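This report refers to the structure that appears directly beneath it.
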Amino acid sequence: MDRHHLAVVDAAQGRLDPAAAIDFVSDPAFGGIDVFIGRVRDLNHGRKVVGISYDLFDALALNGFAQIAARAQAEFGPRLKLYIAHAKGRLAVGDLAVVIAAGTPHRDEAFRACRMVIEAVKHESPIWKQEHYVDGDSIWSEGCSLCGDAADGHAAPHAHDGHAH
Amino acid sequence: MDRHHLAVVDAAQGRLDPAAAIDFVSDPAFGGIDVFIGRVRDLNHGRKVVGISYDLFDALALNGFAQIAARAQAEFGPRLKLYIAHAKGRLAVGDLAVVIAAGTPHRDEAFRACRMVIEAVKHESPIWKQEHYVDGDSIWSEGCSLCGDAADGHAAPHAHDGHAH
Amino acid sequence: MKIEISLFGALRECEPDARLQLELADDSGVAGLRAALAAHAQSQWPAPRAGLLGKCALADERSILRDGDALPVDGRVAVLPPVSGG
Amino acid sequence: MKIEISLFGALRECEPDARLQLELADDSGVAGLRAALAAHAQSQWPAPRAGLLGKCALADERSILRDGDALPVDGRVAVLPPVSGG
């Protein structure tokens with residue numbers, strides 16, 4: 001599916017590249033591109049963070065990205081181009097965890113598609129985050145259970161157990 | 001104001017640079033960055049476009065960008081970093097007309113700030129677009145009058161005369 | 001006072017270098033300038049451009065000028081057709 | 001049949017190489033696997049990890065498996081704790 005670039009990028013082998021994302025979703029017919037970049041930040045829930053390790057079930061994650069892209073295309077039109085890339089492995093503060101880009105003829109669809117995709121990636125993809133703190137402690141984030149609504153493959157809003165998204 | 005980069009970039013002297021925008025709004029405390037890129041597309045209202053000339057009243061545009069940034073900061077918090085750059089002069093299809101980037105601790109504010117800023121830039125800034133068509137014709141776009149609501153400096157929704165935004 | 005007027009967008013081509021000067025009484029205010037400009041456009045510009053003037057805002061480098069405002073002390077005013085950035 | 005189970009996230013450290021094998025009747029289905037896995041976790045894993053299992057989904061490489069589904073023919077199943085990507 002050459003309108004969608006879907007990738008899991010091992011931190012040991014490369015970095016996420018917003019410029020590549022922008023290039024990929026560019027098209028002479030497109031006036032609007034929206035790009036979301038998620039970075040590792042230095043503080044979470046009041047604790048000093050030194051890094052994050054991401055664990056992924058790669059095969060299911062990539063199949064899930066393809067399903068998310070198909071849903072976005074159904075909602076925002078067949079011409080939509082999407083770039084979805086998530087990092088895997090150990091990242092430092094400031095490293096990029098996720099890059100989403102959406103290109104469309106007009107800007108409204110670009111914004112909405114990009115937002116829809118990042119929400120779906122965060123709530124449905126088999127990705128797990130372990131935060132490493134300055135005091136040497138490490139904690140796996142609580143996250144969203146896939147047993148409920150999300151297990152149907154829909155992006156239905158669901159209750160969260162007080163964890164940050 | 002070092003949290004805001006505001007620029008008018010003459011096409012004869014340089015290009016808009018999304019990577020510079022991303023760098024500018026990055027911060028160790030930020031987890032979310034949203035970037036909007038507006039490009040010249042090859043078709044508008046069914047006519048083949050070969051390029052666009054942008055005319056700007058630079059001084060007022062930059063003062064307006066600063067006001068828009070101040071409003072965004074009032075709405076999304078003092079830590080918001082913003083990059084607002086608009087091209088001026090003659091652009092070809094695929095060239096970048098505008099780049100907006102917003103960096104914030106969490107992604108919701110980044111998306112909303114970026115969207116608010118591009119809407120304000122499009123509806124309030126003293127910028128005029130002349131489309132050049134493949135048949136040699138050129139037409140100034142109809143645009144939004146600044147006499148009404150927008151003249152108060154507010155981003156109030158207002159009726160449009162059937163022109164595309 | 002002499003008012004130096006800059007034209008933008010579709011109005012640029014109405015005057016050489018997209019500029020014109022109008023002489024106005026010091027107390028004529030923005031409303032007076034708008035009236036003088038309309039009279040000038042009516043007689044000098046092609047009809048569609050003169051008609052566009054009704055949708056134009058007037059401004060200095062800092063903000064839009066309302067009809068009740070005084071003329072800028074530096075005598076410089078911009079005529080802003082409906083905008084179409086982005 | 002032999003089921004090869006992969007563990008992810010907070011459950012990785014519960015087994016060497018984050019894997020375990022369980023022997024199940026061919027017709028036990030996903031519900032049977034879930035029960036066998038819970039029994040194993042109850043006896044072998046520290047309590048908080050075993051408790052996490054109740055919030056976990058089971059999946060193959062293509063999709064989430066529901067309790068009524070048959071076991072995957074290739075015998076490979078992943079245990080997915082609540083997710084926290086992005």
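Residue numbering restarts at 1 for every chain, and letters A, B, ... go by the order of the sequence lines. Any value given below was found using the heavy atoms of this structure, including those in side chains, with hydrogens, waters and symmetry copies removed. All values derive from a computational prediction rather than experimental measurement.
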Residue C:E13 excluded, over 12 heavy atoms near CD under 6.0 Å: yes
Which bit of B:I52 is near chain C, if near means a heavy-atom gap under 4.5 Å: side chain, backbone, both or neither? neither
Mind listing the closest non-hydrogen atom pair of B:N63 and C:R62 along with its distance? OD1-NH1, 3.3 Å
Max heavy-atom pair count under 4.5 Å with chain C, selected residue of B:G38, B:S125, B:A97: B:S125
For the atom pair OG (C:S6) and CG (B:L60), what is the distance rounded to the nearest 0.5 Å? 11.5 Å
Would you confirm whether B:Y54, through its side chain, and C:G86, through its main-chain N or O, come within 3.5 Å as a donor-acceptor pair? yes
With C:P82, the side-chain contact (heavy atoms from CB on, under 4.5 Å) member among B:S145, B:C147, B:S141: B:S145
Note: B:F57 and C:D60 closest approach over all heavy atoms is CE2-O, 3.6 Å
Please state whether the side chain, the backbone, both or neither of B:W140 comes within less than 4.5 Å of a heavy atom of chain C. side chain
In terms of heavy-atom contacts, does CG of B:D137 have more than 12 from other residues, nucleotides or ligands at under 6.0 Å? yes
Exercise: identify the closest heavy-atom pair between C:G9 and B:D55: N-OD2, 2.7 Å
Report, as yes or no, whether the 6.0 Å neighbourhood of atom CZ on C:R76 holds more than 12 heavy atoms from other residues, nucleotides or ligands. no
Spacing of B:S53 atom OG and C:R12 atom CZ [to the nearest 0.5 Å]: 10.5 Å
Distance from B:L146 atom CG to C:I64 atom CD1, nearest 0.5 Å? 4.5 Å
